[in-house]
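Here is how names work: the chains are called A, B, and so on, in the same order as the sequence lines, proteins then strands, and each is numbered from 1. Quick caveat: nothing in here was measured; it's all calculated off a predicted structure. Values below: every heavy atom of this structure, side chains too, minus hydrogens, waters and symmetry copies.
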Amino acid sequence: MDLAERLTQIGSTLTEAERDSFKLLLGMAAGGLVGEDGEPPEKGLQAVAFDTTLRCISSLQPHHRQVPSNGVVYRGRPDFLTDELLDALRAEAAQVRPQAERFDDHYVTSGAPLASEIAVSSELYDLLSAHAGHIQATARANYLYYDEPGLGIDPHVDKDTFSLNTILMLRHDYDSRPSALVLYPAGREPERVYLQPGEMISMYADSIAHARERVREGESIGIVAFGFRFVA
Amino acid sequence: MGDVRARTDVELDAYALESALPTLTEKLRSLKGNLNEDEKAVFSSIVRSAAQHLETLQAVNTSAEVKYAKPISAVATTAVRQRLLELPSELGLDEE
């Protein structure tokens, strides 16, 4: 049994709160082990540590067998997302931007009315449950803003309320090269995802390390994230 | 839009998370005691990288005067962060 398997085995003995803290530890380790360019270490002790960390993250949750290798259960533009609804979400995101609080390297606002309504809507639930099975809305809705050069999120994993994190790209303005959402599947090369405005991705964010690349000069991103979780 | 029944009581509170860290630390200490030298080096790299990364974020946060209130993250309180910063030392990994 190698170290990743032993750590995963430890994980199966943890309480929910211990597992949440262990997951945080592993997420922070992933963030610390990647280079400034977001690339994993290629060789040596750090490469082994990074691989071990990702493998443990991917196997830690009780529902890990439900999780695709890259964590993604859905990507596309939902039928219910009309141009009018997308515009309304953009307008709400802009309206609540002044209340956003900085957290690490990005800005967040929670619980805006329209986003909260969509977070518990049957339209979104039906779409996601068709792809992910038994899920539960957690009624969490966050607007996230990466609208200054250098903002982003290093590799991390999400907590239980966003275990199935569903991200809708509202706007992405850039001058030359866009930054990406980066997924770090265990045992594979990182995947860079470039969401178009109106495009949604739903992924098991508690079981795959993921990051938002630092935005560049002239770049600005606004997203809304809806919280769901798998239920056995 | 139609509503579904959401479950909003799923989030562990800060006290539960903070209370879990001592017992988690004990379990990791027990694991460490059963690792060979190669495994211990990898384990040490994981734990110390996490602490170093948290320290980097702390520095960013201090300069930016951020608030630790973001609902999306498991890193909910400064106490949790502090315990993870101290974990290499608590596990005897900071000198390796």
Side chain to side chain contact (heavy atoms under 4.5 Å, CB included) evaluation trace for A:L33 with B:S45: CA-CA 9 Å; A:L33 285 162; B:S45 178; 3.9 Å; yes
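Interatomic distance, CZ of B:R81 versus CE of A:M28, reported as 6.5 Å (0.5 Å rounding). Note that CG of A:L14 and NZ of B:K27 are 5.0 Å apart. Values are rounded to the nearest 0.5 Å. The line from CG of B:L24 to CG of A:D20 is 11.0 Å long, rounded to the nearest 0.5 Å. Here OG of B:S49 is found 10.0 Å from CG of A:L25. Values are rounded to the nearest 0.5 Å. Here the CG atom belonging to B:L54 is positioned 6.5 Å from the CG atom belonging to A:L24, to the nearest 0.5 angstrom.
Put simply, the side chain of B:S44 does not reach to within 4.5 Å of the side chain of A:L45, judged on heavy atoms. Looking at A:L7 and B:I46, their side chains come closer than 4.5 Å, going by heavy atoms from C-beta outward.
Side-chain N or O atoms of A:R6 include none that pairs as donor or acceptor with a backbone N or O of B:L35 at under 3.5 Å.
A 6.0 Å sphere centred on CG of B:N36 holds more than 12 heavy atoms belonging to other residues, nucleotides or ligands.
For chain B, the nearby part of A:Y125 is the side chain; its heavy atoms alone come within less than 4.5 Å. For a residue to count as touching a neighbouring chain, one of its non-hydrogen atoms must lie under 4.5 Å from one of that chain's; by this rule B:E39 touches chain A with backbone and side chain alike. A:L26 touches chain B through its side chain: at least one heavy atom from C-beta onward sits under 4.5 Å away, while N, CA, C and O do not.
Closest approach of A:L3 to B:F43, counting heavy atoms only: CD2-N, 3.7 Å.
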